[in-house]
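Encoded as structure tokens, the structure appears first; notes follow it.
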Amino acid sequence: MSDKKAQLTIGSDSYEFPVMQGSTGPDVIDIRKLYGQTGAFTFDPGYKSTASCESSLTYIDGDEGVLLHRGYPIGQLAEHSSFMEVSYLLLNGELPSKDELDTFEDTITRHTMLHEQLSQFYRGFRRDAHPMAVMCGVVGALSAFYHDSTDISDPMQRRIASHRLIAKMPTIAAMAYKYSIGQPFVYPDNSLSYTGNFLKMTFSVPAEPYEVLPAVEKAMDRIFILHADHEQNASTSTVRLAGSSGANPFACIAAGIACLWGPAHGGANEACLNMLREIGTPERIPHYIERAKDKNDPFRLMGFGHRVYKNYDPRATVMQKTVREVFEALNVNDPIFEVALRLEELALEDDYFKEKKLFPNVDFYSGAILSAIGFPTTMFTALFALARTVGWVAQWNEMISDPGQVIGRPRQLYTGPTQRDYVPIDQR
Ligand code: SDX
């Protein structure tokens, strides 16, 4: 709390509210007693001016294009860390020692297998089911298999559930892909890294040997790091709201997956690559930029713009560099990257995008990398969900262990009919 106070005058009445300061970033006005004192609600659809919670996990400065995880800049983590180490950092608050990291990785590795009956669950889906539909269903179904880690009041059960979710998401995602292409499921290989194991479960077949390419493993691991957590975004807020009712962690993460699926959020990586392929050549870019600017055209540049970043998304910077590395390593000659680079260049020169501070976001380049590695566009958001699971789980743990935690229940501005009496049908 700070000494600052916020004054509010409604008609002839004046009110005062405390102002809270974080370790950095904007102050917040503590309006928890506003309704009790004034009889009025605040009105903030989309929560553009609302802080929903206290958190020490991730800090974003949208104007400066800064993203910190427990204080460490995303660029440094992407360059020097690993997804397992970033997962440990998000869950525990500090970078691990070598022994702590080895123990954590060993724990996660030993939770990568799914209950064998869950593989039957996939067979209920059509082969052409969208992988995100499968992810929603299978992750929600985990609560039917792991009763020993659904008591959220028990810190040990919360920890086991957290480890199970982080460990099993690669297996679940890889199985969704295998099912969609009619290939057999590949069991986890505990001799591989978290990310190497995921690549093998996804791209290997029992009939042939498979070797994880280091360049691809590094790029994939970096993409997981870039998607790990991102403050109170829509899907994380969904997980927190679901968790605030006391729902079990598997159900909460399934809710987060459902929210992430939307094209305005995690579905943008799939939508962006589809857009780049539709544009096809640099010559066609101006037409699409004009469409994006046209108020009467619902078309938007997918992978562009962000609720918080009014500067370059620092994750997009790392992603663009990674595209070059993967294309060189795999000797990829896909014009999609040139289209993306030219689109970014022309958009950032355009007054419409400059005035609205619209820049490439995390989804703008990720699709080019994932496509080069061999993933179909339908798997892109499933990969986002795989990586974001550690952020959702860390945010959920932070909320559940907060002694002041209460169920989330917003109010409304009611604009419907005031009370009226029922009219019998023969009098209408
Ligand atoms: C993610 O929250 C997170 O942190 C999310 C995320 C995470 O890691 O969890 O970062 C991941 O979801 C990234 C965003 C992925 N989505 C897209 O790339 C879809 C395209 N972008 C837009 O739909 C939009 O930019 C949003 C949804 C991302 C943000 O929308 P806002 O904050 O509600 O802003 P807005 O829609 O009010 O846009 C402000 C103005 C509008 O024009 P006006 O009404 O003021 O005239 O900018 C325009 C919009 O029309 N605009 C765009 C645009 N994005 C915004 N115009 C053209 N193309 C775009 N992409």
Side-chain angles (χ1 to χ4, degrees), residues 46-47 57-58 60 62 67 69 74 83 86-87 90 129-140 165-166 169-170 172-174 176-177 180 198 202 220 222-242 251-276 300-309 313-316 318-319 322 340 358-371 373 375-396:
Y47 310 119
L57 282 163
T58 291
I60 303 171
L67 170 56
H69 289 317
I74 190 64
F83 181 66
V86 171
S87 296
L90 286 168
H130 194 290
M132 286 298 277
V134 176
M135 300 282 280
C136 284
V138 174
V139 172
L165 280 159
I166 294 165
M169 286 301 273
I172 291 167
Y177 172 63
S180 73
F198 169 65
T202 304
M220 193 78 247
R222 187 185 294 168
I223 287 175
F224 287 163
I225 290 172
L226 296 175
H227 287 84
D229 190 51
H230 211 242
E231 202 212 62
Q232 305 311 318
N233 58 84
S235 54
T236 296
S237 298
T238 301
V239 170
R240 279 181 172 261
L241 192 58
C252 295
I253 300 305
I257 293 170
C259 177
L260 186 74
W261 194 357
H265 189 13
N269 52 18
E270 175 179 359
C272 180
L273 197 82
N274 291 337
M275 173 191 74
L276 293 172
R300 286 193 165 178
L301 284 189
M302 302 315 282
F304 249 80
H306 198 278
R307 171 62 59 76
V308 178
Y309 289 121
D313 182 334
R315 301 169 295 175
V318 179
M319 213 60 94
T322 306
L358 302 173
F359 291 85
N361 60 48
V362 67
D363 295 307
F364 189 64
Y365 288 107
S366 58
I369 304 170
L370 298 174
S371 178
I373 292 174
F375 293 101
T377 50
T378 51
M379 276 295 290
F380 290 4
T381 310
L383 298 175
F384 194 150
L386 186 169
R388 184 53 57 88
T389 293
V390 66
W392 289 331
V393 160
Q395 298 267 357
W396 173 78

*Report the C-alpha distance between D363 and F384 in whole Å, list the side-chain angles of each, state the deciding distance to 0.1 Å, and finish with yes or no for side chain to side chain contact (heavy atoms under 4.5 Å, CB included).*
CA-CA 10 Å; D363 295 307; F384 194 150; 3.8 Å; yes

What one should report as the nearest heavy-atom pair of P360 and D313 is O-CB, 3.4 Å

Strictly distance-based, threshold 3.5 Å: is any side-chain N or O of H265 a donor or acceptor partner for the main-chain N or O of S235? yes

Value for CD1 (I373) from OG1 (T202), rounded to nearest 0.5 Å, stands at 10.5 Å

d(R222 CZ, M319 CE) to nearest 0.5 Å is 10.0 Å

Sequence neighbours excluded, the answer for side-chain contact (heavy atoms from CB on, under 4.5 Å) partners of P263 is M302

**Request:** For the pair S237 (side chain) and Q232 (backbone), establish whether a donor and an acceptor sit closer than 3.5 Å, ignoring hydrogens and angles.
**Result:** yes

When every non-hydrogen atom of S366 is compared with those of H227, the smallest separation belongs to CB-CE1, 4.4 Å

The side-chain hydrogen bond (donor to acceptor under 3.5 Å, both in side chains) partners of N269 (sequence neighbours excluded) come to T381

- Taking the side chain as every heavy atom from C-beta outward, state whether I257 and W392 have any atom pair closer than 4.5 Å. yes

Between A387 and F224 the two heavy atoms that sit nearest each other are CB-O, 3.5 Å

Next item on the list: Using modelled atom types only, decide if a donor and an acceptor are shared between the side chain of T238 and the backbone of A234 within a distance under 3.5 Å.
Entry: yes

Those residues at least two apart in sequence (or on a different chain) that pass side-chain hydrogen bond (donor to acceptor under 3.5 Å, both in side chains) with H230 are Y309, R315

Contacts of S180 meeting side-chain hydrogen bond (donor to acceptor under 3.5 Å, both in side chains) (sequence neighbours excluded), chain-then-number -> none

All heavy atoms of A268 vs all of G303, minimum pair found to be CB-N, 4.5 Å

With heavy-atom distances below 4.5 Å as the criterion, would you say the side chains of V139 and I172 are in contact?
yes

Review point. L383 and F198: side chain to side chain contact (heavy atoms under 4.5 Å, CB included), yes or no, with the steps?
Key: CA-CA 10 Å; L383 298 175; F198 169 65; 3.2 Å; yes

Those residues at least two apart in sequence (or on a different chain) that pass ring-ring contact (aromatic ring centres under 6.0 Å, His included) with F304 are F353, F364

Those residues at least two apart in sequence (or on a different chain) that pass side-chain hydrogen bond (donor to acceptor under 3.5 Å, both in side chains) with H130 are E270

Interatomic distance, CG@L90 vs CG@D229, rounded to 0.5 Å, equals 5.5 Å

| said: side chain to side chain contact (heavy atoms under 4.5 Å, CB included) for L301 and L358? Distances and angles first, verdict last. | reply: CA-CA 10 Å; L301 284 189; L358 302 173; over 6 Å; no

**Report entry** N361 side chain vs H306 backbone, donor-acceptor pair below 3.5 Å
**Finding:** no

| request: Answer whether the closest heavy-atom distance between the side chains of F380 and M132 falls below 4.5 Å. | output: no

When every non-hydrogen atom of Y365 is compared with those of A316, the smallest separation belongs to CD1-O, 3.9 Å

Minimal heavy-atom distance between A382 and P131, with the atoms involved, is CB-CB, 4.3 Å

Audit row: I225, I74, side chain to side chain contact (heavy atoms under 4.5 Å, CB included) steps and yes/no: CA-CA 8 Å; I225 290 172; I74 190 64; 4.0 Å; yes

The reported gap from CZ in F375 to CG in L273 (rounded to nearest 0.5 angstrom) is 13.5 Å

Do the side chains of M379 and L370 get nearer than 4.5 Å, heavy atoms only?
no

**Item:** Distance-only side-chain donor-acceptor flag, E231 / Q395, under 3.5 Å
**Value:** no

